[in-house]
K.L.:
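Take this structure first; my questions come after.
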Amino acid sequence: MKTRRIIATTLALLAAVACLASIVGCATNPAGNDTGTPLKVAAMKGPAAIGLASLMQEQDALVDEGKKAAYEFTVAATADELVPRVAAGDFDIACVPANLAVKLYEQTGGAVRVIGINTLGVLYGVSHDGNVRDIYDLAGRTVYLTGKGSVPGYTVEYLLAKAGVADSVTLEYASEPSEALARMNADPSAVAIVPEPFATASLAKDAELVRVLDLTALWDESTGPEAGRFVTGVTVARSELIDDDPEAVASFVDAWDISVRSALADPSSIAQTLVDLGILGNAALADKAIPNCNVVCIRSEEMKSDLSGYLKTLYEAEPSSIGGTLPDDGFYYIGS
């Protein structure tokens, strides 16, 4: 893994707050491809990194051949590790949760902009009770999930309210998916809402566990076009890079698109890379997990339509979910 590094230490999110107000001064010098310096690209462990895995392999191959890589990758374990460094300008391009992208844009005075959607919904309901067929069947049950105060939690709460069953469902938040699953195992009628690829890994370990809900499908079924799509992750770029070297940004988006298509066409081709990154527990899970991860590369006007609708829906349900304000049009980089 010569062109990527894995963040090993946990950075406190509070440490970035002081820097956010002066982000322009904190930013590093531009590192566009026209300088010959690799663009620094970051992602969190999970579906966003899945979409970049093929491109990571390609860059490693270039280095192995003694050639210069176009991109240098960093993979972080959590948003708390990644976001402060994005705020500090450590990366040219980064994959971050959709709501945090809005907060970064507002708090940095537009120092970062969205160039694409990298992941749609990745949440699935699993249970030992196969009688759960749709969201209405959650009435009277306990649902264990993660993401309190973040996109997963807000989305689940919105869907329950939209279905009119919010008052009859008990939501119990856990610190991580494994805890949600463990607590669900103690209650035969309960449901755990967990992300991919954790959901597929859990189903592989427990033959009696059933996938009962697809939150992305539920979103599409219960909302109209004005609500956009269920967006988990987006890709942002430094505004300075966009302004100084739009060709480098366009080249990255094209390479990212090809990488996503490669992952979906042949999941096994990136399986070992995902194991090495700690995203998959073993390579055998790739063919089953990757198709459920909703890895995408959505750009331009389609990106703006899908993302703006989703953010507006979150904002109307709970303004604090995206930092208390909707972003202006400058947030969305459409490209040429």
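Note that the coordinates shown come from a computational prediction; the quantities given were computed from them, not determined experimentally.
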K.L.:
Given the rule that I, L, V, M, F, W and Y join up when any side-chain heavy atoms are under 4.5 Å apart, are V295 and V253 in one cluster?
P.N.:
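Yes, V295 and V253 fall within the same hydrophobic cluster.
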K.L.:
Donor-acceptor pair, distance only, cut-off 3.5 Å: does the side chain of S150 make one with the backbone of G147?
P.N.:
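Here the side-chain-to-backbone pair exists.
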K.L.:
Would a 4.5 Å heavy-atom cut-off, applied to side chains only, mark N185 and L181 as touching?
P.N.:
yes
K.L.:
Answer yes if the side chains of Y154 and N99 hold a donor-acceptor pair under 3.5 Å, and no otherwise.
P.N.:
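Note: Y154 and N99 side chains miss the donor-acceptor criterion.
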K.L.:
Under a plain distance cut-off of 3.5 Å, with no hydrogens placed, do T155 and Y310 share a side-chain donor-acceptor pair?
P.N.:
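On atom types as modelled, these side chains qualify, holding a pair under 3.5 Å.
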K.L.:
Find out if a path of hydrophobic residues (ILVMFWY) with successive side-chain heavy-atom gaps under 4.5 Å connects V194 to V210.
P.N.:
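No, V194 does not connect to V210 through the hydrophobic network.
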K.L.:
Is a side-chain donor-acceptor pair under 3.5 Å present for S300 with E302?
P.N.:
no
K.L.:
Starting from W219, can I reach I117 by hopping between I/L/V/M/F/W/Y residues whose side chains sit under 4.5 Å apart?
P.N.:
yes
K.L.:
Is the side chain of S262 donor-acceptor paired with the backbone N or O of I258 at a distance under 3.5 Å, no angle test?
P.N.:
no
K.L.:
For the residue pair L82 and V96, what are the closest heavy atoms and their distance?
P.N.:
CD2-CG1, 4.1 Å
K.L.:
Starting at NZ of K288, measure out to CD1 of I290 and round the result to the nearest 0.5 Å.
P.N.:
13.5 Å
K.L.:
Please check: side-chain N/O of E196 versus main-chain N/O of T200, any donor-acceptor pairing under 3.5 Å?
P.N.:
yes
K.L.:
Would L145 and V151 show up in the same hydrophobic cluster when neighbours are defined by side-chain heavy atoms closer than 4.5 Å?
P.N.:
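Yes, same cluster.
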K.L.:
Judged by atom type as modelled, is there a donor-acceptor pair below 3.5 Å linking the side chain of T216 to the main-chain atoms of G121?
P.N.:
yes
K.L.:
Working to the nearest 0.5 angstrom, can you tell me the gap between L100 CG and M44 CE?
P.N.:
8.5 Å
K.L.:
Y71 and V75: same hydrophobic cluster, using ILVMFWY side-chain contacts below 4.5 Å?
P.N.:
yes
K.L.:
Between T313 and Y158, is a side-chain contact (heavy atoms from CB on, under 4.5 Å) present by the stated rule, with each step listed?
P.N.:
CA-CA 9 Å; T313 301; Y158 172 79; 3.3 Å; yes
K.L.:
Does S269 offer a backbone N or O that forms a donor-acceptor pair with the side chain of Q57 under 3.5 Å?
P.N.:
yes
K.L.:
Can you check whether F252 reaches I93 side chain to side chain, under 4.5 Å on heavy atoms?
P.N.:
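In short, these two side chains touch, coming nearer than 4.5 Å.
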K.L.:
Would you say the side-chain atoms of D60 pair up with the backbone N or O of V63, donor to acceptor, closer than 3.5 Å?
P.N.:
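Between the backbone of V63 and the side chain of D60 there is no qualifying donor-acceptor contact (under 3.5 Å).
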K.L.:
If you look at every heavy atom in T119 and A48, which pair is closest and at what distance?
P.N.:
OG1-N, 3.7 Å
K.L.:
Knowing that exactly one of V169, V156, V212 qualifies, which makes a side-chain contact (heavy atoms from CB on, under 4.5 Å) with L138?
P.N.:
V169
K.L.:
Would you check if L171 and E157 make a side-chain contact, meaning some heavy-atom pair closer than 4.5 Å?
P.N.:
yes
K.L.:
To check you understand the geometry: which heavy-atom pair defines the closest contact between A69 and L62, and what is its length?
P.N.:
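The pair with the smallest heavy-atom distance is CA-CD1, 4.3 Å.
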K.L.:
Please assess Y105 against D328 for the test side-chain hydrogen bond (donor to acceptor under 3.5 Å, both in side chains), listing each intermediate value before the final yes or no.
P.N.:
CA-CA 10 Å; Y105 176 75; D328 57 34; 2.5 Å; yes
K.L.:
Stepwise, does the side-chain hydrogen bond (donor to acceptor under 3.5 Å, both in side chains) test hold for S268 with D266?
P.N.:
CA-CA 5 Å; S268 63; D266 185 9; 2.7 Å; yes
K.L.:
For the side chain of T108 and the backbone of A111, is there at least one donor-acceptor N/O pair under 3.5 Å apart?
P.N.:
yes
K.L.:
Does the side chain of I270 come within less than 4.5 Å of I50's, by heavy atoms?
P.N.:
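Side-chain contact under 4.5 Å: yes.
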K.L.:
Using every non-hydrogen atom in the two residues, find where A286 and A271 come nearest and quote the distance to one decimal.
P.N.:
CB-CB, 3.6 Å
K.L.:
Applying salt bridge (charged side-chain N to carboxylate O under 4.0 Å, His left out) to D80 and R85, what does each step give before you reach the verdict?
P.N.:
CA-CA 9 Å; D80 284 355; R85 294 192 62 185; over 6 Å; no
K.L.:
Under a 4.5 Å cut-off applied to non-hydrogen side-chain atoms, are I334 and K304 in contact?
P.N.:
yes
K.L.:
Between T235 and N118, do the side chains contain a donor N or O and an acceptor N or O under 3.5 Å apart?
P.N.:
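N118 vs T235: donor-acceptor pair found between side chains.
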K.L.:
Using modelled atom types and a 3.5 Å cut-off, is there a donor and acceptor pairing between side-chain atoms of S259 and backbone atoms of G51?
P.N.:
yes
K.L.:
Enter the distance from T232:OG1 to L120:CG here, rounded to the nearest 0.5 Å.
P.N.:
7.0 Å
K.L.:
CG of L218 to CG of D220: how many Å apart, nearest 0.5 Å?
P.N.:
9.0 Å
K.L.:
Evaluate V126 against V191 for side-chain contact (heavy atoms from CB on, under 4.5 Å), listing each step before the verdict.
P.N.:
CA-CA 6 Å; V126 296; V191 174; over 6 Å; no
K.L.:
Go through the steps to decide whether H128 and D206 satisfy the test side-chain hydrogen bond (donor to acceptor under 3.5 Å, both in side chains), and finish with yes or no.
P.N.:
CA-CA 9 Å; H128 287 113; D206 185 348; 2.7 Å; yes
K.L.:
If you define the side chain from C-beta out and look only at heavy atoms, does anything of S202 sit under 4.5 Å from L209?
P.N.:
yes
K.L.:
Quick check: do L307 and R229 have side-chain heavy atoms less than 4.5 Å from each other?
P.N.:
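No; the side chains remain at least 4.5 Å from each other.
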K.L.:
With a sphere of 6.0 Å drawn around CD of E208, does it hold more than 12 non-hydrogen atoms of other residues, nucleotides or ligands?
P.N.:
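No.
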K.L.:
Test side-chain contact (heavy atoms from CB on, under 4.5 Å) on L277 and M56 and set out the steps.
P.N.:
CA-CA 11 Å; L277 291 172; M56 292 180 189; 3.9 Å; yes
K.L.:
Mind listing the closest non-hydrogen atom pair of V275 and A283 along with its distance?
P.N.:
CG2-N, 3.4 Å
K.L.:
Strictly below 4.0 Å, N to O, side chains only: are R238 and D92 in salt-bridge contact?
P.N.:
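The answer is yes: the pair qualifies as a salt bridge.
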K.L.:
Test side-chain contact (heavy atoms from CB on, under 4.5 Å) on F230 and L215; report intermediate values, then the result.
P.N.:
CA-CA 8 Å; F230 180 3; L215 276 294; 4.0 Å; yes
K.L.:
Do the non-hydrogen side-chain atoms of P197 and L285 ever get within less than 4.5 Å of each other?
P.N.:
no
K.L.:
Verify, without hydrogens or angle tests, whether E318 (side chain) and S320 (backbone) share a donor-acceptor contact under 3.5 angstrom.
P.N.:
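Yes, because the side chain of E318 sits within donor-acceptor range (under 3.5 Å) of the backbone of S320.
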K.L.:
With rounding to the nearest 0.5 Å, note down the distance linking CG in D254 to CG in L55.
P.N.:
11.5 Å
K.L.:
Working to the nearest 0.5 angstrom, can you tell me the gap between E301 CD and Y332 OH?
P.N.:
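Result: 11.5 Å between the selected atoms.
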K.L.:
Using the six-membered ring of Y333, assess whether NZ or CZ of R113 lies under 6.0 Å from its centre and within 45 degrees of the ring axis.
P.N.:
no
K.L.:
If we ignore hydrogens and angles and just use 3.5 Å, is the side chain of R183 paired with the main-chain N or O of Y173 as donor and acceptor?
P.N.:
yes
K.L.:
What are the two closest heavy atoms between P84 and A79, and how far apart are they?
P.N.:
CD-O, 3.9 Å
K.L.:
Let me see the working for S189 and D187 under side-chain hydrogen bond (donor to acceptor under 3.5 Å, both in side chains), right down to the final yes or no.
P.N.:
CA-CA 6 Å; S189 68; D187 182 351; 3.0 Å; yes
